[in-house]
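The block underneath contains the structure these notes are about, expressed in structure tokens.
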Amino acid sequence: MKVHIVDDDEAIRDSLTWLLSSRGLEAEAHPSAEAFLARQEPAAGCLVLDIRMEGMSGLDLFDRIRDRGCRLPVIFLTGHGDVPIAVQALKKGAFDFVEKPFNDNDLVDKVIEALAQDARRRARQAGADSLAARLASLSERERQVMDLILEGRMNKVIADRLGISMRTVEVHRAHVFEKMGVKTAVELARLMVAMKG
């Protein structure tokens with residue numbers, strides 16, 4: 001995972017790149033919001049973003065990437081007079097803001113926390129995608145059987161409700177468990193609750 005630094009001040013870019021690299025974090029610096037947008041949007045990591053820049057501001061860049069669906073955590077770097085603006089950015093979903101001049105250790109701690117948050121978000125998304133793919137692999141009949149299993153219905157009741165034999169219900173139940181990667185109805189219920197949560 002990479003830390004993307006977007007700041008039009010070359011000295012800040014260089015010092016931040018050095019600081020993060022000295023702590024074992026991979027960093028890439030961009031001299032403007034436009035330069036960051038010109039590259040392929042990163043899938044993982046976080047942004048350290050200056051609020052006030054020549055051309056497109058940090059807030060405009062933040063709005064632009066959010067509109068594109070990018071959910072990378074963003075830490076804003078602000079001057080003292082920018083604090084009300086930074087608070088507004090927090091309300092819009094920014095991860096945090098740091099006032100200049102900043103304490104190196106505090107900033108690195110926030111970056112590490114932002115990277116961890118991004119890793120958790122991507123893991124949750126991967127789990128949700130996997131579950132959605134497993135659900136999509138169920139046939140319509142298997143889905144009907146699963147819904148009735150989740151209602152706590154026994155095989156005989158499911159068979160009567162769907163107008164099929166108990167043996168057919170048992171076969172569909174086995175397919176549902178296999179495709180969903182569970183061994184019991186309780187595991188299946190937990191999985192579906194986790195998906196909704």
Side-chain angles (χ1 to χ4, degrees), residues 1-4 24-28 36-37 39-49 59 61-76 87-97 108-197:
M1 294 202 300
K2 191 180 286 187
V3 182
H4 293 271
L25 300 170
E26 187 178 0
E28 180 178 344
F36 176 78
L37 287 172
R39 71 184 305 283
Q40 184 171 6
E41 207 160 90
C46 75
L47 261 69
V48 177
L49 180 58
L59 285 173
L61 175 59
F62 179 71
D63 289 340
R64 181 81 66 91
I65 63 175
R66 285 301 191 252
D67 287 346
R68 290 180 176 182
C70 174
R71 293 292 170 251
L72 293 181
V74 174
I75 298 171
F76 280 106
V87 171
Q88 184 182 7
L90 282 175
K91 289 180 179 174
K92 293 167 100 177
F95 181 79
D96 209 338
F97 70 94
V108 171
D109 288 346
K110 288 180 190 297
V111 165
I112 290 171
E113 192 179 333
L115 292 172
Q117 182 196 63
D118 186 55
R120 289 191 298 272
R121 177 190 60 82
R122 287 183 297 108
R124 281 194 307 272
Q125 187 60 51
D129 291 347
S130 169
L131 185 54
R134 285 184 271 166
L135 277 174
S137 74
L138 298 177
S139 69
E140 184 177 340
R141 181 62 86 187
E142 288 166 348
R143 187 63 190 250
Q144 291 170 334
V145 169
M146 184 183 82
D147 289 345
L148 292 169
I149 291 171
L150 292 172
E151 288 178 10
R153 308 293 179 200
M154 304 301 289
N155 285 354
K156 181 173 183 347
V157 175
I158 295 172
D160 290 345
R161 183 81 64 89
L162 297 178
I164 56 179
S165 72
M166 275 191 48
R167 176 66 189 137
T168 303
V169 171
E170 290 168 1
V171 169
H172 286 311
R173 177 187 283 263
H175 288 164
V176 168
F177 285 7
E178 181 183 339
K179 289 180 178 179
M180 297 304 291
V182 298
K183 293 181 179 172
T184 67
V186 172
E187 286 181 35
L188 181 64
R190 282 192 190 127
L191 191 63
M192 298 310 291
V193 167
M195 181 183 187
K196 291 176 183 172

Gln144 side chain to Arg141 side chain, donor-acceptor N/O pair below 3.5 angstrom: yes

Between Asp118 and Gly45, is there a donor-acceptor pair closer than 3.5 Å when you use the side chain of the first and the backbone of the second? yes

Partners meeting side-chain hydrogen bond (donor to acceptor under 3.5 Å, both in side chains) with [X] (sequence neighbours left out):
X      : answer
Asp63  : Lys92
Arg39  : Glu28
Ser165 : Thr168

Can you list every side chain to side chain donor-acceptor pair (under 3.5 Å) pair that touches residues 173-191, not counting sequence neighbours? Glu142-His175, Glu142-Lys179, Asn155-Arg173

Exactly one of Arg122, Gln125, Arg66 clears side-chain contact (heavy atoms from CB on, under 4.5 Å) with Arg71, and that residue is Arg66

Checking Arg120, Glu113, Arg121 against Gln117 for side-chain contact (heavy atoms from CB on, under 4.5 Å), the one that qualifies is Arg120

Sub-4.5 Å side-chain heavy-atom contact between [X] and [Y]:
X      : Y      : result
Lys2   : Pro42  : no
Arg68  : Leu37  : yes
Leu72  : Ile65  : no
Leu138 : Met180 : yes
Leu47  : Phe95  : no

Atom pair [atom1] ([X]) and [atom2] ([Y]), whose distance is rounded to the nearest 0.5 Å:
X      : Y      : atom1 : atom2 : answer
Phe36  : Leu49  : CZ    : CG    : 8.5 Å
Leu162 : Asp147 : CG    : CG    : 9.5 Å
His172 : Leu148 : NE2   : CG    : 11.5 Å
Met1   : Cys46  : CE    : SG    : 8.0 Å
Lys110 : Asp96  : NZ    : CG    : 3.5 Å
Asp160 : Arg153 : CG    : CZ    : 11.5 Å

What pairs of residues pass the salt bridge (Lys or Arg N to Asp or Glu O under 4.0 Å) test when at least one of them lies in residues 123-134, not counting sequence neighbours? none

Apply ring-ring contact (aromatic ring centres under 6.0 Å, His included) to Phe62 and list each qualifying residue two or more places apart in sequence or on a separate chain. Phe76

Within a 6.0 Å radius of atom CE on Met154, are there more than 12 heavy atoms belonging to other residues, nucleotides or ligands? no

